Trainee: 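Below: one structure in structure tokens.
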2 protein chains.
Amino acid sequence: MPRNKLDNLNCSIANALDLIGEWWTLLILREAFFGSRRFEDFQQHLGIARNILTTRLRKLCDSGVLERVPVREGARRHEYRLTQMGRDLLPTLIALTQWGDRWLHTRSGAPVKFVERASGEPIANVTVQTRDGRALEPRDLAMVPGPGATEETIERLRLMQSAFKQRNGQ
Amino acid sequence: MPRNKLDNLNCSIANALDLIGEWWTLLILREAFFGSRRFEDFQQHLGIARNILTTRLRKLCDSGVLERVPVREGARRHEYRLTQMGRDLLPTLIALTQWGDRWLHTRSGAPVKFVERASGEPIANVTVQTRDGRALEPRDLAMVPGPGATEETIERLRLMQSAFKQRNGQ
DNA sequence: ATATTTAGTTGCATATTGCAACTATTAATT
DNA sequence: AATTAATAGTTGCAATATGCAACTAAATAT
């Protein structure tokens, strides 16, 4: 990955992308959500080069997104399963899928529909919401320094805020 | 992008990643949500190589995620703004950010906090929900063929379904 | 009129990916 | 038990993408 790691330290997106933003990685995780567990499953479904699959699986295991467990008690062969950290990517994956469904499949419609298993009801679109469930648009959001903000981040957010006020004539 | 384009045709995630899964692209879009609009803004905030920034911006404009508009009426200089298609990536970006906050910033906490502009209240975690607002876990979800499903997709989903039943002893 | 900023382009070194062949276990078959 | 096939990689090399720095050209500012 030739991308600079410089000063990505204080950005969750940059840190997340260092882990799961590499070529193939999100497709591997999609496969994992679809039920793939074994090396050959991933390889055959995705058509990914075997050496790349090796390095991706290793990285995902090292970082705790997947775990490598023996296929049976005491077996030497293993399989790759989502951990809680991996399962926690579901909202991201679904949000991305819905975006693709909406903007990139205008002809034929979504290839896969997600439904609640128990009821068969389609799920809602993933949205950004208040804690009491009102949907928010980009313009309704503001960003403020969190507990892990650096001085640099704080300064950046201050600049954003004043640019926003200026544009809205305040 | 050396990734195979083969048979990605029927997967929204694969198609989405062809557009926004390249190195830097999501960071560029994060910058856009943070208020960057000009070439130099993106370049300086990210430290990205200028030639790569050029190709990424071009691709994002060509595909309709960003638009290239004159800075003022009749000006030759232009800036890059999110389109509706681009703004629609907000849930994906926030979901990814929250994942990073949760799993990769355990020490210091989130660098940036998203709040409702009007009230200052923190937003909720992005979750997958039913249409009446109940949160769903991965195990509560099932996938069924959508309107754009190919025969291959349908077969794949059938296999998943029977594997699921087998694991759960039905 | 000159200098500076902005928005790129170009060329070359380095890093990543794709491909195909090869290896070494493990599981299945005779 | 021996042979075969499937699984899970590794290795080497060619094709691509990225990083860097210098260069260009137009638009603003002085």
Side-chain angles (χ1 to χ4, degrees), chain A residues 1-8 14 17-29 31-32 35-62 66-81 163, chain B residues 1-8 14 17-29 31-32 35-63 66-81 159 163:
Chain A
M1 72 216 85
R3 191 172 68 235
N4 285 343
K5 296 277 179 57
L6 301 166
D7 73 49
N8 286 346
L17 291 174
D18 272 345
L19 266 188
I20 59 163
E22 295 183 302
W23 294 124
W24 291 108
T25 298
L26 278 174
L27 291 174
I28 291 170
L29 291 171
E31 283 303 309
S36 285
R37 295 180 165 186
R38 305 283 292 258
F39 187 93
E40 297 296 322
D41 286 342
F42 292 107
Q43 203 280 318
Q44 283 166 33
H45 285 300
L46 293 171
I48 180 178
R50 310 173 71 81
N51 51 349
I52 305 303
L53 179 56
T54 299
T55 64
R56 292 297 183 272
L57 289 174
R58 180 146 36 218
K59 182 165 187 176
L60 289 171
C61 289
D62 287 351
L66 297 179
E67 62 183 348
R68 203 168 181 255
V69 298
V71 287
R72 290 187 319 278
E73 191 73 25
R76 294 276 163 77
R77 298 228 198 222
H78 42 262
E79 57 187 26
Y80 300 91
R81 293 197 200 181
Chain B
M1 72 219 84
R3 194 172 65 235
N4 282 343
K5 296 280 179 56
L6 301 167
D7 73 48
N8 286 348
L17 291 174
D18 272 345
L19 266 188
I20 59 165
E22 293 183 305
W23 293 124
W24 291 109
T25 299
L26 278 174
L27 291 173
I28 291 170
L29 292 172
E31 282 304 310
S36 285
R37 294 180 166 185
R38 305 283 290 256
F39 187 93
E40 297 296 324
D41 288 341
F42 292 107
Q43 203 280 318
Q44 283 166 31
H45 285 299
L46 292 172
I48 180 177
R50 309 173 73 81
N51 50 351
I52 305 301
L53 179 56
T54 300
T55 62
R56 293 294 183 272
L57 289 173
R58 180 147 36 217
K59 183 166 185 176
L60 288 171
C61 290
D62 287 351
S63 56
L66 297 178
E67 61 183 348
R68 202 168 182 254
V69 298
V71 287
R72 290 187 319 279
E73 191 74 22
R76 293 277 164 76
R77 298 227 201 224
H78 43 262
E79 56 186 26
Y80 299 92
R81 294 199 199 180
L159 284 174

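Here the structure is a predicted model, which is why all the values come from computation and not from measurement. Chain A is the first sequence line, chain B the second, and so forth, proteins listed ahead of strands; every chain is numbered from 1. The figures here come from the full heavy-atom set of this structure, side chains too, leaving out hydrogens, waters and symmetry mates.
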Trainee: May I have the distance from Leu53(A) (atom CG) to dC19(C) (atom P), rounded to whole angstrom?
Mentor: 14 Å
Trainee: I need a per-nucleotide contact map over nucleotides 6-12 of chain C, read 5' to 3'. Cutoff is protein heavy atoms under 4.0 Å; write B for the base, S for backbone only, - otherwise.
Mentor: BBBBBB-
Trainee: Taking only the side-chain nitrogens and oxygens of Trp23(A), find out if one of them lies under 4.0 Å from OP1 or OP2 of dG18(C).
Mentor: no
Trainee: Are OP1 or OP2 of dT26(C) and a side-chain N or O of Arg76(A) less than 4.0 angstrom apart?
Mentor: yes
Trainee: Rounded to the nearest angstrom, tell me the gap between atom CD1 in Ile52(B) and atom P in dA21(D).
Mentor: 14 Å
Trainee: Ignoring hydrogens, what is the shortest heavy-atom contact between Asp41(A) and Ser36(A)? Give both atom names and the distance.
Mentor: CB-OG, 3.6 Å
Trainee: Test side-chain contact (heavy atoms from CB on, under 4.5 Å) on Asn51(B) and Thr55(B); report intermediate values, then the result.
Mentor: CA-CA 6 Å; Asn51(B) 50 351; Thr55(B) 62; 5.8 Å; no
Trainee: Shortest non-hydrogen contact from Val69(B) to Arg81(B)?
Mentor: CG2-NE, 3.8 Å
Trainee: If the condition is ring pair (Phe, Tyr, Trp, His ring centres under 6.0 Å), which residues does Phe42(B) pass it with, not counting sequence neighbours?
Mentor: none
Trainee: Between atom CG in Asp18(A) and atom P in dA15(C), what is the gap in whole Å?
Mentor: 17 Å
Trainee: Given atom CD1 of Ile48(A) and atom P of dA8(D), what is their separation to the nearest angstrom?
Mentor: 15 Å
Trainee: What is the distance from CD of Gln43(B) to P of dA21(D), rounded to the nearest Å?
Mentor: 12 Å
Trainee: To the nearest 0.5 angstrom, please state how far the CG atom of Asp18(B) sits from the NZ atom of Lys59(B).
Mentor: 6.0 Å
Trainee: By the definition side-chain contact (heavy atoms from CB on, under 4.5 Å), identify the one residue from Arg77(A), His78(A), Arg76(A) that meets it with Val71(A).
Mentor: Arg77(A)
